[in-house]
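Below you'll find the structure, written out as structure tokens, and then a few comments.
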Amino acid sequence: MNAPAERRRSLHGEWTSRLGFILALAGSAVGLGNIWRFPYLAGENGGGAFVLVYLVCVFAIGLPIMMSEVLIGRRGRRNPVRTMALLGEEESGTRAWGLVGLLGVFTGFLILSFYSVIGGWTVAYIVEAASGAFVSAGSEQVSQVFSDIVSRPLVAGTWHTVFMILTIGVVVLGVEQGLERAVRVLVPALVALLLVLLGYSMTTGRFLDGLVFLFEPRFEDLTGASVLAALGQAFFSLSVGMGAVMTYGAYLKDEESIPRSTVAVVLSDTSIALLSALVIFPIAFAHGLDPAAGPGLAFQSLPLAFGQMPGGVVVATLFFLLLSFAAWTSAISILEPAVAFVMETWNWTRPKAAIVVGAIIWAFGFATVMSFGPWSDIQFWRGTFFDNIDHLSNNIFLPIGGLVIVIFAGWVMARNSTADELDPQAGWGYRLWRFSARYVAPIAVTAMLLSYGFGLF
Ligand code: TRP
């Protein structure tokens, strides 16, 4: 690769193995978004049509934005705020582009505050599964277990605290240690268990109904809000729009291929989301659970399957252990940009930055804890406090962040700069990326945000 002589070095180390970056990026992408959030959104938004819009958003918008984030990150090699300011100055003479980095840091703050609460639920479920709480359980019993955790602030708050401490712990250690190795085992193991569960869901007798629900588009179910929800979910699941991928790109070696790694990650992430939904819906249908049950869907349907299958206690315990790990590796990537920002801006040490930023997010997370418990009646705008943070960060801020990032990569950066990172020969793949980055993604995201905005007011 004809890298320019003045290439910057990463301030926080680099991914060590060849696969390290792909694994770390997959670890970021694969998480609660695939197994918890995608199925319940598909359920709430009527299935097929939502899934179709989601897939289009992932490949036509999410993938080019992911490539843009990685290339910007690697070129800038700083935290998202400074990287955007630095490249902004280089490419267009203004550091104002750093503002999108700030929006990203703020968005990550909001996302992690609820992500850690749901991550806490999954850790709590390891204990429930191991103690045999789901053995031969019916839907009522399973729902009881769920509400005993989420509606009690002391219980949910404790697990949220545990999850946050684990997340801060890894960020304190830095990106090279632990993270790569953990993901290498984790993602394949999670897929293996999902395949076991798929086997079970095929025996429920409702597998075909699940398949039809997921893949038969009924466009009458599609509203402006559900199109925006599909867009937001594409951003959320791919971890794009807030600088997390940009931060990981900053630690990527110069010689690694960005197109190849990002395509691999997007394909795995999407397959895992579809697989989870294919597991969850047949189980839900077979047990009379509402597919539009909301955030409790995965937590109330999967235990029913575990309760019925031989060796269910072991499989369930392992599953929630793996899901907690997957959530953990994602949470790390949400915290890292803010920590890198604070370290570089105020010259703090990594431990100090991780602990202080993490503690603030942890405290804010109690708003989400309460919104599933005593505050569940406090509803405004989109619903509970959680619903509002979730909507604002995922459906509004991530798309805005991604829009600015892709416009920067497609229109502001010189063709030479982006080709240099993506493909110095500028082959058809590069041209396809550039076309999406200049036209498809910006126009589609703007259209969705505007049409939703006008529908609202
Ligand atoms: N993609 C992760 C998931 O699906 C969540 C996540 C990690 C994320 N990093 C992010 C979401 C950055 C938005 C932005 O669970």
Side-chain angles (χ1 to χ4, degrees), residues 23-42 54 57-58 61-63 65-66 68-70 73 79-80 100-101 103-122 163 167 170-171 175 179 183 186-187 190 194 229-249 262 265-266 268-277 295 298 322-341 361 389-403 405:
L23 288 170
L25 199 56
S28 166
V30 176
L32 298 170
N34 307 63
I35 291 165
W36 162 70
R37 199 169 187 269
F38 176 73
Y40 87 75
L41 284 184
Y54 173 75
C57 289
V58 163
I61 300 171
L63 177 61
I65 294 183
M66 186 186 268
S68 308
E69 272 201 43
V70 181
N79 71 76
V100 70
L103 174 70
V105 167
F106 180 66
T107 308
F109 184 103
L110 293 181
I111 293 178
L112 189 54
S113 79
F114 73 77
Y115 203 88
S116 170
V117 175
I118 318 298
W121 298 356
T122 65
F163 188 86
T167 304
V170 176
V171 175
V175 288
L179 185 57
V183 180
L186 159 87
V187 176
L190 191 63
L194 280 173
L231 179 75
Q233 173 61 13
F235 279 85
F236 183 83
S237 194
L238 299 179
S239 308
V240 297
M242 59 147 280
V245 172
M246 199 184 285
T247 306
Y248 277 16
T262 48
V265 169
V266 168
S268 337
D269 186 75
T270 307
S271 324
I272 294 176
L274 291 175
L275 188 58
S276 315
L322 287 171
L323 186 56
S324 302
F325 265 108
W328 191 18
T329 56
S330 299
I332 291 162
S333 78
I334 311 178
L335 184 55
E336 178 67 18
V339 169
F341 168 68
I361 298 175
I389 304 180
D390 175 270
H391 177 72
L392 195 65
S393 52
N394 301 319
N395 298 351
I396 312 276
F397 289 165
L398 289 182
I400 291 177
L403 179 64
I405 289 168

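Note that ligands are numbered from 1 as they come in the structure, with each ligand's atoms numbered from 1 the same way. Note that this is a predicted model, so its numbers are computed, not measured.
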For this session: Name the closest protein heavy atom to atom 13 (C) of ligand 1, giving the residue it belongs to and the distance to 0.1 Å.
Result: I111 CD1, 3.7 Å

Exercise. Among protein heavy atoms, which sits nearest to atom 6 (C) of ligand 1, and what does the distance come to when rounded to 0.1 Å?
Worked result: S239 OG, 3.5 Å

Exercise. In the protein, which heavy atom is nearest to atom 4 (O) of ligand 1, and how far is it?
Worked result: A29 O, 3.0 Å

Problem set entry | Ring geometry between F106 and F109 (parallel below 30°, tilted from 30 to 60°, perpendicular above 60°) | parallel

For this session: Assign the ring pair Y115 / F163 to parallel, tilted or perpendicular, where the plane angle (0 to 90°) is split at 30° and 60°.
Result: tilted

Problem set entry | Side chain, backbone, both or neither: the part of T107 lying under 4.0 Å from ligand 1 by heavy atom | neither

Exercise. Can S28 and S330 be said to form a side chain to side chain donor-acceptor pair (under 3.5 Å), step by step?
Worked result: CA-CA 4 Å; S28 166; S330 299; 5.6 Å; no

Seminar exercise, completed: For atom 1 (N) of ligand 1, the closest protein heavy atom turns out to be F236 O, 2.8 Å

Exercise. Do side-chain atoms of E69 reach the backbone of Y248 as a donor and acceptor pair under 3.5 angstrom?
Worked result: no

For this session: Check ligand 1 against S237 and write out every atom of the ligand that is under 4.0 Å from a heavy-atom position of the residue.
Result: 1 (N), 4 (O)

Exercise. Is the distance between the ring centroids of F38 and F236 under 6.0 Å?
Worked result: no

For this session: Among all protein heavy atoms, pick the one closest to atom 9 (N) of ligand 1 and tell me residue, atom and distance.
Result: S333 OG, 3.0 Å

Exercise. Nearest protein heavy-atom contact for atom 15 (O) of ligand 1: which residue, which atom, what distance?
Worked result: Y115 OH, 2.5 Å

Problem set entry | side chain to side chain donor-acceptor pair (under 3.5 Å) evaluation trace for S324 with T122 | CA-CA 6 Å; S324 302; T122 65; 3.2 Å; yes

Exercise. Judged by atom type as modelled, is there a donor-acceptor pair below 3.5 Å linking the side chain of N34 to the main-chain atoms of D269?
Worked result: yes

For this session: Just need the protein heavy atom nearest to atom 2 (C) of ligand 1, so name the residue and atom and give the distance.
Result: S28 O, 3.1 Å

Problem set entry | Heavy-atom side-chain proximity of L398 to L231 below 4.5 angstrom | no

Exercise. Counting from 1, what ligand 1 atoms have a heavy atom of M242 closer than 4.0 Å?
Worked result: 12 (C), 14 (C)

Seminar exercise, completed: Taking only non-hydrogen atoms of L32 and a 4.0 Å limit, the atoms of ligand 1 in range are 15 (O)

